[in-house]
Amino acid sequence: MIDLKAVIGCFFLLTGLILMLYQLYTDSTDLLPQVNFTTGLFYTVFGAILLLIWKLDKKKA
Amino acid sequence: MRLELIDYSIILLYFLFVLGIGFWLKKKIKTGNDFLMSDKSIPLWITSLAFISANLGAQEVLGMAANGAKYGLYTTHFYWFGAALAMIFLGIYMMPFYYGSKARSVPEYLKLRFDEKTRTFNALSFAAMTIFSSGVSLYALAMLMEVLLGWNFDLSIWIAALIVLVYVFLGGLTSAIYNEVLQFFLIVLGIAPLVYLGLKKAGGWKGVLQNVDDAKLHVWKGLSDPASNPMGVDYLGMVVGLGFVLAFGYWCTDFLVVQRAMVSRNLDEARKTPIIAALPKIAMPVIVILPGILLLAISAQNPEFTLPKTADGSPNYNMVLPVLLEKLYPNGILGVGITALIASFMSGMAGNVTAFNTVWTFDLYQTHIHQKGSEQHYFWVGKITTVAGILLSILTAYVARSYNSIMDLLQLVFSFVNAPLFATFFLGMFWKRTTGHGAFWGLVTGTSTAAIIHGLSTAEGKGGWLLPLHNFYSGSGQAFTIAWIAFTTCFISTVLISLLTKPIPDQLLGGLVYSLTPKETIRYKKWYQNPIWLGLAILLITLSLNIIFY
């Protein structure tokens, strides 16, 4: 069976990276207050945490 | 609203993941049991999130934001009063019977507890209801995309239906549940930034307090007089109608949500599923109701945020989320917001289709058409039913487009069916003297009473088709009153008819009725592993929220 944590983690990691790169491409100044960059950063961290949990679970099993 | 390449990329990424889950699960789904019941192998955290996500469809996401603007904090009664109590009750008292009886569906429990006619009545009304809801989700999605983005109505319907069909057809219930969890995170994380930006634009909570009518910022104050609260409801309607009858009727008996708990790995997890789900459920108003209240505060300071009008000149509350998305989200995150809306529609549709195929296959096809088929046979019946369910949903979506008033009427009829159902289950599980005839005729009487009361009363220009004897302040007030009267009628008729008919022998009721079921005692290492303590903790949080926002 697939691990849903990994799937959701991947989805948000990719979405977050897309949003951050888009913000970098359109406006590279004052990134952090920008909605796309801030939200993208949050999604990326959230996705990475889920992937980390999945990895740790896999190791334990 | 204009989408750019970045927004389309995010929508496409979501579609790829959704379809990927279906393809990935395809190899694991081999029997009817896998396809329709997920082989009872889903972990607790997934069943819990799927439990609330199955309900997080279009009506919830768009509808509750609309209610937030229309009724303010009174809308939280659907969460902090109705849903929380009902979900805890389901987990502690009712789940042992659903799960312990080995029933594969809610109608099948009715067969085990009562008789075939009660099961068939429930299965038929439920099957019709799921197709109707699924079709309405599809229609609403296509309408919204047409109005907001200028997408072609037919193309939106067929693409959304095709995607849901592919992932449900390949992975069955497991695929629907997995996607529901992904959709849950997408909806929450896709709308959360909107709430933050909305709060900032409104001037924080202080700005909300200054710019929104005080009557909309309370949960209980003003309920003593229906004319003095925006929902037009009194204590009786709110507490008994919504809090008890409608909420318990929906959360404790609707197979669409109960199915998510029934596929748990064991009884303990099945009991914890709705209780754990209650925790995110009570936080959900921040995502689904608060945007409506924020829009009121923002539009009082910024006229460009004013809601568009409907044909009769009143504000079109259904446009709350679209207006906020358009005005507050730049391209990029806008794609995530639109994807969240699409996800809510697809989640609602897939949930209904999977519940429909289980009820059709087990409760109607296997019972009345082909009783002794192989596992493989029912596997294929489930798959074919999925295709039929999607096609019927598409048909319903087109009917909804042509005859809007027929859809209103159908929705009403279904609410008549749901209201008395909880009385039947409640008596069936907790009073061993309840008989099959009592349950069936009680349901028929309760449903007919609901229809008659609607015919004798009006609200917001609707109802009164028999004789308009009474006018309610609002449609909600009418619906809540009809609900508690239908429940009471069903309850009394069931008791009376049961007493007049032959009782069911005790030996046939073990595991189906509270007093005849041995109580299992599990020793938990930590308090929060015990469903009862967990339920009490959630009740305490809910009570605090009700007091804070009194």
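Every chain is numbered from 1 and lettered A, B, ... according to where its sequence line falls, protein lines coming before strand lines.
Both tests do not hold together for B:Lys30 against B:Phe379: distance to the six-membered ring centre under 6.0 Å, angle to the ring axis within 45°.
Looking only at heavy-atom pairs under 4.5 Å with chain A, the residue among B:Gly332, B:Gly335, B:Gly20 that has the most is B:Gly332. With respect to chain A, the highest number of heavy-atom pairs below 4.5 Å among B:Leu334, B:Thr339, B:Val336, B:Ile333 belongs to B:Ile333. Residue with the most contacts toward chain A among B:Asn331, B:Ile46, B:Leu16, B:Ile21: B:Asn331 (heavy-atom pairs, distance under 4.5 Å).
The part of B:Glu4 that comes within reach of chain A is its side chain, from C-beta onward, which places non-hydrogen atoms under 4.5 angstrom from that chain. Only the side chain of A:Thr39 comes within contact range of chain B, judged by heavy atoms closer than 4.5 Å. Looking at B:Leu182, both its backbone and its side chain come within 4.5 Å of chain A, counting heavy atoms on both sides. When heavy atoms are compared at a cutoff of 4.5 Å, B:Tyr196 does not approach chain A at all.
Side-chain contact, B:Lys281 with B:Asn55: a donor N or O sits under 3.5 Å from an acceptor N or O. A donor atom on one side chain and an acceptor atom on the other are found under 3.5 Å apart for B:Thr358 and B:Gln259.
Taking the six-membered ring wherever Trp is involved, the centroid distance between the rings of A:Phe46 and B:Phe185 falls below 6.0 Å.
For the pair B:Asp34 and B:Lys28, the salt-bridge criterion is not met [side-chain N within less than 4.0 Å of a carboxylate O].
When each of B:Ile29, B:Val263, B:Val353 is paired with B:Leu173, the side-chain contact (heavy atoms from CB on, under 4.5 Å) condition holds for B:Val263 and for no other.
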